[in-house]
Visitor: 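After the structure tokens below, expect a handful of questions from me.
We number each residue from 1, following the sequence as shown. Both counts, for ligands and for their atoms, begin at 1 and track the order of listing. Keep in mind that what you see is a predicted model, and the values were worked out from it rather than measured.
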Amino acid sequence: MQSSKDILIVGGGVVGLASAHYLAQAGHSIRIIERDPSLGQSCSEGNAGMVVPSHFIPLAAPGVITQGLKWMFNPRSPFFLRPRLSPSLARWIWLFARHSTKGHVERTRELLRDLSLESRRLHVELSEQENFPLIQKGLLMLCRSEAGLEEEAEVADHAHSLGLEAEVCDAARVRELEPGAEISAKGGVWWPQDCHLSPGHFIEALRKFIQSKGGEFITGEVTQLAASNGKAESVTTKTGETYQAETIVLAGGIDTTGLAKQVGLNLPMQGGKGYSLTLPEPVANPQLCSLLKEGRVAVTPMGDSLRVAGTMEICGKNTSISKPRLQGVIEAFCQFYPQYQPSDFKDLAPWVGLRPCSPDGLPYLGHAPKLSNLIIATGHAMMGLSLAPVTGKLVADLINNAAPKINITQLNPDRFQFVGGNVS
Ligand SMILES: Cc1cc2nc3c(=O)[nH]c(=O)nc-3n(C[C@H](O)[C@H](O)[C@H](O)COP(=O)(O)OP(=O)(O)OC[C@H]3O[C@@H](n4cnc5c(N)ncnc54)[C@H](O)[C@@H]3O)c2cc1C
């Protein structure tokens, strides 16, 4: 085994924790600095818990901009771009538009497939090792319109060409696959390789493992990152404590951009705000998780409860809750699952999270340029939970100088340093 290193991880979301898991497993000494007293509060705990090899198309894809513009003026729509005068937003939009092409999808789909399949494998391994439930029944992409079903059938064809499993279903087949709840849909696509879990269970299992290996959790907000002579040296918190380390991993979600900037690294990101509501005693119990095509809503059974999540508001770091948009999520859910009424949600407190969204829809994963002991791991947008294990494993490979199983040069954190990234 390589020699044990003293490693500091900034961020106790799923990406920081999964990195800590694989690093602790490799025998390194781990400290995690997290701003919140409990782990995963920022974007990781309240998400929809889906593990999604079905998501081989990045967020930046053809049609997204046109659809987004159509939805811009509907206060209940699932997508919204909060207009404001901000050079970083303007640059992000410019980069996003440049990457929303067929060529970009073609260049990235194999990588996303490979990352997702490897991460799914690791999720299965982790759930067995750490003893938390991972439900391997697949995901239903449900469609209420003929046009929606046709679009999703095309995605399924595309998936087959990549060797992924996907079955186009009519309404009767959907009923057969989902005996737990009534569904009102024309049909959909069943993605048998997708899975779901409760993010809270996942986080708790990782925390326990890290602590069992002697990992330390420190509560504090890192405000300074110091580097000199080609090395990251230390971080300092808001309350003035300084921590030195041999290697530092930045896994601070949307806030990684600010820290990286201090060492001259430009990581363009916008928060993709989403909400979730968790019904503690659902009137019907779906067995499978689902995505509701026309409402862009995610539905996930979590033990005895049911989580309904949605919206993607490109909003910088604004965490205010839009009541009309939240209402839009609830109404879309009730249309697809008619046993539910909007009033079922009336006393529930919404959770809000900011997805760390890069402008090309790919994570940032790799060494910071010119600082050989600083690793960046963020930018997973709507796939952070799904890709957390493979990200953690790759972070460990980078630090262990082990050849990574997957070529991650496309995830280079430096890719937007001077130009508009790799586009055509
Ligand atoms: C509604 C919704 C549903 C989603 N559903 C899914 C899903 O089904 N499947 C999926 O794969 N993904 C899903 N996602 C996306 C997923 O939640 C994110 O991609 C993932 O949580 C990102 O994890 P992270 O660890 O990178 O960031 P975060 O969860 O944001 O964690 C970063 C951590 O770093 C800490 N931090 C930041 N800066 C500092 C600092 N300076 N000092 C100390 N600590 C700091 C923060 O407090 C935070 O805890 C969903 C997101 C939303 C909003």
Visitor: I'd like to know whether Thr242 forms a side-chain hydrogen bond (donor to acceptor under 3.5 Å, both in side chains) with Ser234, so could you lay out the CA-CA distance, the side-chain angles of the two residues, the decisive distance to 0.1 Å, and finally the verdict.
Guide: CA-CA 7 Å; Thr242 293; Ser234 63; 5.6 Å; no
Visitor: How far is atom 46 (C) of ligand 1 from the closest protein heavy atom, and which atom is that?
Guide: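 I find the closest protein heavy atom is Arg35 NH2, 3.3 Å.
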Visitor: With respect to Pro356, determine whether any N or O atom, backbone or side chain, lies less than 3.5 Å from an N or O atom of ligand 1.
Guide: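 No: no nitrogen or oxygen of Pro356 is under 3.5 Å from one in ligand 1.
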Visitor: Is it possible for you to check whether Arg144 lies under 6.0 Å from the centre of the six-membered ring of Phe336, through NZ or CZ, and within 45° of that ring's axis?
Guide: yes
Visitor: Within ligand 1, which atoms have a heavy atom of Gly274 less than 4.0 Å away?
Guide: 1 (C), 53 (C)
Visitor: Hey, does Ala298 sit under 4.0 Å from ligand 1 if you only count heavy atoms?
Guide: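 False for this residue.
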Visitor: Looking at Gly253 and Thr378, what are the two nearest heavy atoms and their distance?
Guide: O-OG1, 3.2 Å
Visitor: Between Asp194 and Arg120, is the closest basic N to carboxylate O distance under 4.0 Å?
Guide: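 Salt bridge absent between Arg120 and Asp194.
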Visitor: Do His99 and Phe416 have ring centroids that are under 6.0 Å from one another?
Guide: yes
Visitor: Would you call Asp255 and Lys317 a salt bridge, using N to O less than 4.0 angstrom?
Guide: yes
Visitor: Considering the heavy atoms of Asp36, write down every atom of ligand 1 situated less than 4.0 Å from one of them.
Guide: 47 (O)
Visitor: Considering only NZ, NE, NH1 and NH2 on the basic side and carboxylate oxygens on the acidic side, decide whether Arg113 and Glu110 come within less than 4.0 Å.
Guide: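 Glu110 and Arg113: not salt-bridged.
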Visitor: For atom 37 (C) of ligand 1, what is the closest protein heavy atom, and at what distance to 0.1 Å?
Guide: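 Residue, atom and distance for the closest contact: Gly252 O, 3.3 Å.
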Visitor: Find the distance between OG (Ser42) and CG (Asn47) and round it off to the nearest 0.5 Å.
Guide: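 Separation between the atoms: 11.5 Å.
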Visitor: Under 3.5 Å, is there a donor on one side chain and an acceptor on the other for Asp36 and Ser38?
Guide: no
Visitor: Would you mind checking which non-hydrogen protein atom is closest to atom 14 (N) of ligand 1, with the distance to 0.1 Å?
Guide: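 The protein heavy atom lying closest is Asn47 CB, 3.7 Å.
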Visitor: Quick check: does Lys273 get an N/O under 3.5 Å from an N/O on ligand 1?
Guide: no
Visitor: For ligand 1, is any non-hydrogen atom under 4.0 Å from Leu385's backbone (N, CA, C, O), its side chain (CB onward), both, or neither?
Guide: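 Both of them.
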Visitor: Is Ser386 close to ligand 1, meaning an N/O of one under 3.5 Å from an N/O of the other?
Guide: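 Yes; at least one N/O pair falls below 3.5 Å.
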Visitor: Mind checking whether Val14 has an N or O less than 3.5 Å away from an N or O of ligand 1?
Guide: yes
Visitor: Mind checking whether Glu34 contacts ligand 1 via backbone (N, CA, C, O), side chain (CB onward), both or neither, at a 4.0 Å heavy-atom cut-off?
Guide: both
Visitor: Under a 4.0 Å threshold between the charged nitrogen and the carboxylate oxygen, would Lys405 count as salt-bridged to Asp397?
Guide: no
Visitor: What distance do Gln341 atom CD and Ile330 atom CD1 have between them, rounded to the nearest 0.5 Å?
Guide: 12.0 Å
Visitor: Can you tell me the protein heavy atom closest to atom 31 (O) of ligand 1 and the distance?
Guide: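 Atom 31 (O) of ligand 1 sits closest to the protein heavy atom Gly13 CA, 3.4 Å.
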Visitor: I need the contact type for Ser276 against ligand 1. Using non-hydrogen atoms and a strict under-4.0 Å cut-off, is it side chain, backbone, both or neither?
Guide: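 No part of Ser276 comes within reach of ligand 1.
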Visitor: In the protein, which heavy atom is nearest to atom 19 (O) of ligand 1, and how far is it?
Guide: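 The answer is Ala381 O, 2.6 Å.
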Visitor: More than 12 heavy atoms of other residues, nucleotides or ligands under 6.0 Å from CD of Glu281: yes or no?
Guide: no
Visitor: Among all protein heavy atoms, pick the one closest to atom 2 (C) of ligand 1 and tell me residue, atom and distance.
Guide: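 For this ligand atom, the closest protein heavy atom is Arg355 NH2, 3.5 Å.
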Visitor: Going by the closest heavy atom to atom 26 (O) of ligand 1, which one wins out of Val222, Val235, Val15?
Guide: Val15
Visitor: Just to confirm my output: which protein heavy-atom neighbour is closest to atom 10 (C) of ligand 1, and how far is it?
Guide: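 Minimum-distance protein heavy atom for atom 10 (C) of ligand 1 reads Met382 O, 3.2 Å.
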Visitor: Which of the numbered atoms in ligand 1 are below 4.0 angstrom from a heavy atom of Met50?
Guide: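 Under 4.0 Å from Met50, ligand 1 has these atoms: 7 (C), 8 (O), 9 (N), 10 (C), 11 (O).
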Visitor: Distance to 0.1 Å, residue and atom name: give those for the protein heavy atom nearest to atom 34 (O) of ligand 1.
Guide: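 Atom 34 (O) of ligand 1 sits closest to the protein heavy atom Gly11 CA, 3.2 Å.
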Visitor: Is the shortest distance from a Lys or Arg side-chain nitrogen in Lys293 or Glu151 to a carboxylate oxygen in the other one below 4.0 Å?
Guide: yes
Visitor: Closer than 4.0 angstrom, basic N to acidic O: yes or no for Glu246 and Lys231?
Guide: no
Visitor: Would you say ligand 1 has an N or O under 3.5 Å from any N or O of Ile254?
Guide: no
Visitor: May I ask you to say whether Lys208 pairs ionically with Glu130, meaning some side-chain N is under 4.0 Å from a carboxylate O?
Guide: no
Visitor: Suppose I only count heavy atoms of Gly353 and a 4.0 Å limit; which atoms of ligand 1 are within that range?
Guide: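 So the answer, numbered in order with elements, is 53 (C).
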Visitor: Give yes if a backbone or side-chain nitrogen or oxygen of Ala48 is under 3.5 Å from a nitrogen or oxygen of ligand 1, and no if not.
Guide: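 Between Ala48 and ligand 1, an N or O pair is found under 3.5 Å apart.
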Visitor: Which of the atoms in ligand 1, numbered in the order shown and given with their element, are less than 4.0 Å from a heavy-atom of Gly220?
Guide: 42 (N), 43 (C)
Visitor: Just to be sure I read this right, does ligand 1 sit under 4.0 Å from the backbone of Ala251, its side chain, both, or neither, counting only heavy atoms?
Guide: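 Backbone only.
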